[in-house]
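For reference, the structure is listed below as structure tokens.
Just so it is clear, the values below take in all heavy atoms, side chains as well, and ignore hydrogens, waters and symmetry mates. Below, read A as the first sequence line, B as the second, and so on, with proteins coming before strands; counting in each chain starts at 1.
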Amino acid sequence: MKYEFQKIEKKWREKWAKANTFATNQKPEVSKAYVLEMFPYPSGNMHMGHVRNFTIGDVLARYLKMKGYCVLHPFGWDAFGLPAENAAIKSGVHPAAWTRDNIRMFRESAQRLGWSYDWNRELSTAHPGYYKWTQWIFLKMFEKGLAYRKNAAVNWCPQCGTVLANEQVIDGGCWRCQSPVTIRQLEQWFLKITAYAEELLRDMETLTGWPERVKIMQKNWIGKSEGVELDFEIIKLHERVSVFTTRPDTIFGVTYLVFSPDHPWVDLMVKGTQYEEKIEEFRARRPSTRENMKEGMFIGEYARNLFNNECIPIWVADYVVAEYGTGVVMGVPAHDQRDFEFALAHNLPIRVVITPREELLQPECMTRAFLDEGVMVNSGDFTNIPSLEGKERVADYAEEKGIGRRKVNYRLRDWLISRQRYWGCPIPILYCPHCGIVPVPEEDLPVLLPEKVQITGEGNPLEKVPEFIHASCPKCGASARRETDTLDTFVDSSWYFLRYATGNRDDMILSPEDMKYWLPVDCYIGGIEHAILHLLYSRFFTKFLADIGLVHIREPFQNLLTQGMVTLGGAVMSKSRGNVVEPGETMEKYGADSLRLFVLFAAPPEKDLEWSHRGIEGLHRFLHRLWRLVIDHRNLFFAPLPPESEEAYSIRKYLHKTIQGVTVDIRDRMHLNTAISKMMELVNFLTEKESELTVRVGIHQAYREALDTLIRLLTPFAPFISEELWEMTGHTGFVSEAPFPVVDARFLKEEMVTYVVQINGKVRDQFGVEAGLDEERVKEIALSLEKIQKWTRGKTIDRVLVIPDKMVSIVVR
RNA sequence: GCCGGGAUGGCGGAACAGGUAGACGCGAGGGACUUAAAAUCCCUUUCCCGAAAGGGAGUGCCGGUUCGAUUCCGGCUCCCGGCACCA
């Protein structure tokens, strides 16, 4: 009987669908498991990265189901986004149709791969029934002051024709198309993620199931910095301006003040002076992208240092970021490397105010800024105070005198969510000439995205849809204009994992009962590229939804698995590189089970996986060998078997060692590659034992049980062949619903152990004895071994160490 | 520059708690079956010396701790990733 994988896989695919095998069960008395893989953007065909991602999750979901958990394992589509619109520009297909077709193709592949999703819960972010609630959340945030509009310098991608969030600028380029990002001054919608900066940082400590590197990336991104704001007086304006510094101990070393060129006071200070024109020139000269520059100019104005009443020149420079701190920095060339370089370039004085204990620093001799701790000098009443203590003393003094205050700053900026694109969720806002910004009333949701649009690639298509733009103000009835920007698609995906738990219901966004039961997500699996973007946004949304009482959790993802990429020739598979291996073709040739096994076996989940055509053949061969092994011994399942003899013990032992290993690999380590290798070893072992079956009838029962168990162990990994073999061996029902094998600890006990004997750290011999033998006896045996005697003859034995049941270590001279 | 992570046979990788390094798979070599090939099965496969028995070296490099180090500590080299004027 041949292993006809195509036929088998089709058969079980249909049976599962018909029986609704993977529909979600929600029983309060049973433990739950929520397994989730990051939902895909449906951009054409499924690629190997998807295959890997969803197969890893599927093994876990199937394993937990067999373990008796109520499992939530849903699937959906991150369906809004730019590629759909670009396709429309290129080929004239409507984004909705393009997306629908892609989803259909993707879903077909997904079902071919045998992923155990509950398709009843399938959702799409582009469906009005979903984005209605995305808009609803936006309105709630607006209500709480967390969604707001402001004019700011924003990142602009000329290629995509839209603005981008900070998180979406990678190496100065667009995260999607890599084009260099330029800066534009625009009025846009933002979400106040910074209101949660401290909590997002603090709660990271509770994320014990997250990879350390993801947490570090988020921590760096949030970028907490504790320091002091110190005031300076601007002479002519008679106004005080604050600077943020983490080094208040260097306040006496300030030799100039620097404003960001975008600081609003700069214009006030230069108004009517010779510098007014020069500033304009300076701003115009600035590069349009964020580059490392050290340009600056004096603006003819001075400020007073309130600590020593000294007057210092005011400069503007492009190394000061307008959006961070106060947009003004005190220049301390002696103790800050950037200030040092700036001072050298523009001939500004360098004054040492912190010096190492053993020597006195001379500014002329410095080749770089002195950043270490030391003792304060030239610092008025603070002279001779150690710099570390000085930090606190200066801060205390500033607070006492009302010329400064302790301050915490974050690198994290508010999330820019406006997008000047069509294929996204409309922002539910109206602009009324009388009432200003007016939210769309809840009962008018969803604000539907119009279907009839002209997509040309020139500007936002929504601006050319009069019936969309024209609306009346819900407050005063006047003719109002509708917001034409759509939401960043990362907004759509920041709460989908909550929606899955409640299903696609119309009457409410999330049901408290479902939230309580299913959340948090027990295991979330996806690519490392979302370490900041999606994972940070989702944490933010969860915290907000908790604050308005919709969920009881403040962190959505208990455990996180960041899986590596699939490469060919060392590079990520991509159409432009032409190194794509199509999952469809691969399944045609080897079947879904072989493909699943290969992507699981070739590397541990978190590492990159190099595709290998030969490699998948190896896994395909494994399935053939397994098939033959079970089919050849089918008769064991259909005949009464003789009583078991002592000889069966070794089979049971090997079997239970395998169950133990596979279980630990899935449950505790997610080392799915080694789990598979352990099943391969069991197949090899049983193949070796085959010849004994004819002469030793006493092992028949154990052998049958080994085959039966093997099929169940393999089910989460290769479900199709497992179902078929399960049926062929006379079982009824789905093996997908059968209990996962359980270890019998009696068979794990070793009664014979092998001792390795080392002499001076080198292995010289070994011997077998019963386990737990007392040490003295073990020593005796070890020393009496012929090979050991050869090595110890004529030498002095210094010591003999016994590691119970493992090793004897002898030290000789 | 700062912060992470990594380096193990020809290749992907294993060694979970400091205890026989190289499981499992791929590739390669040899053999069986076959008219022949494919498929399948069996044997060998870290390197060096040796006919073998056996011996020596070996987990990026240098050193340390230890009876014993791929594993722990210190110092380097190279690779990969994140952040990058954040005051």
Side-chain angles (χ1 to χ4, degrees), chain A residues 170-172 211-221 223-225 227-228 243-247 250 258 260 290-294 317-332 335-339 341-342 409-413 528-529 531-532 564 570 597-598 601-604 606-619 621-622 624-625 628 661 664-665 668-669 671 673-684 687 754-766 787 790 798-812:
Chain A
I170 314 289
D171 284 336
E212 210 53 40
R213 63 171 175 155
V214 174
K215 287 195 276 186
I216 286 165
M217 278 161 78
Q218 289 209 0
K219 199 173 164 187
N220 292 342
W221 189 260
K224 183 177 181 173
S225 170
V228 184
V243 303
F244 176 73
T245 178
T246 54
R247 294 293 305 274
T250 64
V258 212
S260 156
R290 291 193 199 273
E291 280 171 33
N292 286 4
M293 301 293 283
K294 269 279 187 294
D318 54 14
Y319 78 92
V320 179
V321 180
E323 302 86 44
Y324 184 78
T326 61
V328 188
V329 170
M330 64 186 208
V332 188
H335 306 294
D336 181 284
Q337 188 57 27
R338 288 156 309 196
D339 297 346
E341 286 163 22
F342 191 75
N409 272 325
Y410 299 90
R411 216 193 66 109
L412 182 72
R413 304 288 150 74
I528 185 72
E529 67 274 17
I532 295 169
L597 284 181
F598 175 72
F601 180 74
E606 66 282 357
K607 285 184 91 172
D608 286 352
L609 183 153
E610 172 71 11
W611 183 264
S612 155
H613 294 287
R614 299 293 195 147
I616 190 166
E617 282 173 20
L619 276 299
R621 268 200 291 274
F622 164 66
H624 266 110
R625 281 192 293 137
R628 207 225 60 199
V664 168
D665 280 350
D668 303 342
R669 312 201 303 157
H671 280 200
N673 53 333
T674 53
I676 293 171
S677 73
K678 279 166 188 139
M679 291 185 276
M680 287 173 166
E681 284 175 288
L682 181 59
V683 168
N684 293 346
T687 306
T754 304
Y755 270 95
V756 170
V757 187
Q758 285 189 349
I759 294 178
N760 290 352
K762 280 194 199 307
V763 178
R764 293 305 180 189
D765 203 358
Q766 47 187 294
K787 279 186 193 164
K790 194 181 103 194
D798 262 2
R799 55 197 283 209
V800 182
L801 257 108
V802 177
I803 316 300
D805 291 348
K806 271 194 180 149
M807 165 172 297
V808 181
S809 186
I810 302 167
V811 189
V812 300

In whole Å, what separates the [atom1] atom of [N] from that of [M]?
{"N": "B/C2", "M": "B/C85", "atom1": "C1'", "result": "13 Å"}
{"N": "B/G31", "M": "B/U20", "atom1": "P", "result": "36 Å"}
{"N": "B/G50", "M": "B/U59", "atom1": "P", "result": "24 Å"}
{"N": "B/U77", "M": "B/G22", "atom1": "C1'", "result": "25 Å"}
{"N": "B/U71", "M": "B/G6", "atom1": "C1'", "result": "15 Å"}
{"N": "B/G60", "M": "B/C80", "atom1": "C1'", "result": "15 Å"}
{"N": "B/G29", "M": "B/G9", "atom1": "C1'", "result": "16 Å"}
{"N": "B/C62", "M": "B/G58", "atom1": "P", "result": "9 Å"}

Using a heavy-atom cut-off of 4.0 Å across all strands, would you classify [X] as base, sugar-phosphate, or nothing?
{"X": "A/Val756", "result": "base"}
{"X": "A/Met217", "result": "sugar-phosphate"}
{"X": "A/Val332", "result": "nothing"}
{"X": "A/Asp668", "result": "nothing"}
{"X": "A/Arg213", "result": "sugar-phosphate"}
{"X": "A/Ile216", "result": "sugar-phosphate"}
{"X": "A/Lys219", "result": "nothing"}
{"X": "A/Arg628", "result": "nothing"}
{"X": "A/Asn684", "result": "sugar-phosphate"}

Is the phosphate of [N], meaning OP1 or OP2, less than 4.0 Å from a side-chain N or O of [X]?
{"X": "A/Arg621", "N": "B/C26", "result": "yes"}
{"X": "A/Arg669", "N": "B/A14", "result": "no"}
{"X": "A/Ser225", "N": "B/A87", "result": "yes"}
{"X": "A/Arg625", "N": "B/C24", "result": "no"}
{"X": "A/Lys762", "N": "B/A57", "result": "yes"}

For [X] and [N], what is the distance between atoms [atom1] and [atom2] respectively, to the nearest whole Å?
{"X": "A/Phe598", "N": "B/G25", "atom1": "CZ", "atom2": "P", "answer": "15 Å"}
{"X": "A/Lys215", "N": "B/G5", "atom1": "NZ", "atom2": "P", "answer": "12 Å"}
{"X": "A/Ile676", "N": "B/A14", "atom1": "CD1", "atom2": "P", "answer": "12 Å"}
{"X": "A/Phe601", "N": "B/G12", "atom1": "CZ", "atom2": "C1'", "answer": "8 Å"}
{"X": "A/His624", "N": "B/A38", "atom1": "NE2", "atom2": "C1'", "answer": "14 Å"}
{"X": "A/Tyr319", "N": "B/C85", "atom1": "OH", "atom2": "C1'", "answer": "9 Å"}
{"X": "A/Lys607", "N": "B/G25", "atom1": "NZ", "atom2": "P", "answer": "19 Å"}

Watson-Crick or G-U wobble partner for [N], using a 3.5 Å limit on both distances?
{"N": "B/G1", "result": "B/C83"}
{"N": "B/A32", "result": "B/U40"}
{"N": "B/A51", "result": "none"}
{"N": "B/G25", "result": "B/C11"}

Worksheet item: Taking RNA chain B as the partner, which of residues 608-618 of chain A come within under 4.0 angstrom of it by heavy atom?
Response: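 Correct list: A/Asp608, A/Arg614, A/Gly618.
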Fill in: Qualifying residues under side-chain hydrogen bond (donor to acceptor under 3.5 Å, both in side chains), relative to A/Glu606, sequence neighbours excluded
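So A/Glu606 forms no side-chain hydrogen bond (donor to acceptor under 3.5 Å, both in side chains) with any residue.
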Worksheet entry | Pair A/Asp336-A/Arg247, salt bridge (charged side-chain N to carboxylate O under 4.0 Å, His left out): steps then yes or no | CA-CA 9 Å; A/Asp336 181 284; A/Arg247 294 293 305 274; over 6 Å; no
Practice prompt. Kindly check if the number of other-residue, nucleotide or ligand heavy atoms within 6.0 Å of CZ (A/Arg213) is above 12?
Written response: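 For A/Arg213, atom CZ is not crowded (no more than 12 foreign heavy atoms under 6.0 Å).
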Practice prompt. Have a look at A/Tyr755 and tell me which of A/Ile803, A/Asp765, A/Asp805 forms a side chain to side chain contact (heavy atoms under 4.5 Å, CB included) with it.
Written response: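 The single option meeting the side chain to side chain contact (heavy atoms under 4.5 Å, CB included) with A/Tyr755 is A/Asp805.
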Item to complete: Evaluate the criterion side chain to side chain donor-acceptor pair (under 3.5 Å) for residue pair A/Asn684 and A/Arg625; output intermediate values, then yes/no.
Response: CA-CA 9 Å; A/Asn684 293 346; A/Arg625 281 192 293 137; 2.8 Å; yes
